[in-house]
Protein chains: 2
Amino acid sequence: MEKGYCPVDTFINFVKGKRKATIVLHLKQGTKRYKELSQLLPDISDRMLSKNLKELEEAGIINRKAYPTIPPKVEYSLTELGGQISPILKAMLKGGRLFEKRMEE
Amino acid sequence: MEKGYCPVDTFINFVKGKRKATIVLHLKQGTKRYKELSQLLPDISDRMLSKNLKELEEAGIINRKAYPTIPPKVEYSLTELGGQISPILKAMLKGGRLFEKRMEE
DNA sequence: CTGCATCCCCGTCGATACTG
DNA sequence: CAGTATCGACGGGGATGCAG
């Protein structure tokens, strides 16, 4: 993840991947397993989900905890940084609704 | 501009175009001419700048006022909606700096 | 259950050149 | 000054299938 010319772009780069923001918002509600996230986000493929999760982990936004059991079990949760940015995502959510309202007219 | 599955994505769609957010932040400082924006954003081509300006105008975020003089003169400014979302962009800017600080370590 | 590998399409963006 | 036209490179993301 590279630095943008302006910090706003840096932020966008962290968040623009398909569904990344939504994943964080769901994890804000509490720790979730891979399968649960997959069900909460019906419009994303496994490929993208695991890719986004990995990137979010590398960015330090989420924690990944794998249990070496059979069948495997993996839990995802927010890091402190993840908690710090979630209010911003919430603000963006509100802003998004503003746009959606406008579009309906 | 289509609606996202989650409003956060709607918001991102408005803002993720290269430099769109930065344009809004500059216009927040006051009305600017095309040339001025072009100089404030040295890393964006004319093609992208005019494309982004047009999209922001269509989204209702900025106003475009052209004076039919020679040489031509066009001024861009924020709409009320543009003013409403700029605090969110500022929050994203702060968040971006958080990320950048982390990356330096 | 939790992913990764492969193939491929398509939109985004840069470079360059041109116009009213 | 304020853009538009065209071409081409690049990467995100979908579909499908397979593995530990």
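Bounding nucleotides for the chain B contact on DNA chain C, 5' to 3', at a heavy-atom distance below 4.0 Å, are C:dC13 to C:dG20.
Judged purely by atom type and a 3.5 angstrom limit, B:Glu36 uses its side chain to pair as donor or acceptor with the backbone of B:Arg33. No donor-acceptor pair closer than 3.5 Å links the side chain of B:Ser38 to the backbone N or O of B:Tyr34. Of the possible polar contacts, one joining the A:Asn52 side chain to the A:Lys18 backbone as a donor-acceptor pair under 3.5 Å is found.
Contacts of B:Lys94 classified as side chain to side chain contact (heavy atoms under 4.5 Å, CB included), with partners at least two apart in sequence or in another chain: none.
Atoms CD1 and CG, on B:Ile23 and B:Leu49 in that order, are 5.5 Å from each other to the nearest 0.5 Å. Atom CG of B:Leu40 and atom CG of B:Leu27 lie 9.0 Å apart (nearest 0.5 Å). Taking CE from A:Met92 and CG from A:Leu25, the interatomic distance works out to 9.5 Å, rounded to the nearest 0.5 Å.
Side-chain contact annotation: B:Tyr67 with B:Glu75, donor-acceptor N/O pair under 3.5 Å present.
A straight line from CD1 of A:Ile12 to C1' of D:dG12 spans 16 Å, rounded to a whole angstrom. Across the protein-nucleic acid pair, B:Glu57 atom CD and D:dG3 atom C1' stand 13 Å apart, rounded to whole Å.
Direction of the helix axis in the helix from C:dC1-D:dG20 to C:dG20-D:dC1 shifts by 50° between the two five-pair termini, rounded to 10°.
Heavy-atom distances under 4.0 Å link DNA chain D to no residue of residues 22-42 of chain A.
When the nearest nucleotides of DNA chain C are assigned to A:Pro71 and A:Ser50 by heavy-atom distance, the more 5′-ward of the two goes with A:Pro71.
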Next on the checklist: Does A:Thr10 form a side-chain hydrogen bond (donor to acceptor under 3.5 Å, both in side chains) with B:Glu100? I'd like the steps, not just the answer.
Outcome noted: CA-CA 7 Å; A:Thr10 306; B:Glu100 290 179 2; 2.6 Å; yes
Item to check | CA sep, side-chain torsions, deciding dist, call: A:Tyr76, A:Asn63, side-chain contact (heavy atoms from CB on, under 4.5 Å) | outcome: CA-CA 6 Å; A:Tyr76 293 95; A:Asn63 288 128; over 6 Å; no
Would you tabulate the side-chain donor-acceptor contacts of residues 77-84 of chain A under 3.5 Å, counting partners in other chains and residues two or more places apart, or write 'none'?
residue : atom : partner : partner atom : Å
A:Thr79 : OG1  : A:Gly60 : O            : 2.6
A:Thr79 : OG1  : A:Ile61 : O            : 3.0
A:Thr79 : OG1  : A:Leu81 : N            : 3.4
A:Thr79 : OG1  : A:Gly82 : N            : 3.1
A:Glu80 : OE2  : A:Gln84 : NE2          : 3.2

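Using the six-membered ring where Trp is involved, A:Phe11 and B:Phe99 have ring planes that are tilted, between 30° and 60° apart.
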Contacts under 3.5 Å, N or O only, protein and nucleotides 13-20 of chain D:
residue : atom : partner : partner atom : Å
D:dG13  : OP1  : A:Lys18 : N            : 3.4
D:dG13  : N7   : A:Arg47 : NH1          : 3.4
D:dG13  : N7   : A:Arg47 : NH2          : 3.1
D:dG14  : OP1  : A:Lys18 : NZ           : 2.3
D:dG14  : O6   : A:Arg47 : NE           : 3.3
D:dG14  : O6   : A:Arg47 : NH2          : 3.4
D:dA15  : N6   : A:Arg47 : NE           : 3.4

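Across all strands shown, B:Tyr76 has heavy atoms under 4.0 Å from sugar-phosphate atoms exclusively, and none from any base.
The one candidate from A:Arg19, A:Arg64, A:Lys16, A:Lys20 that meets the salt bridge (Lys or Arg N to Asp or Glu O under 4.0 Å) condition with A:Glu55 is A:Lys20.
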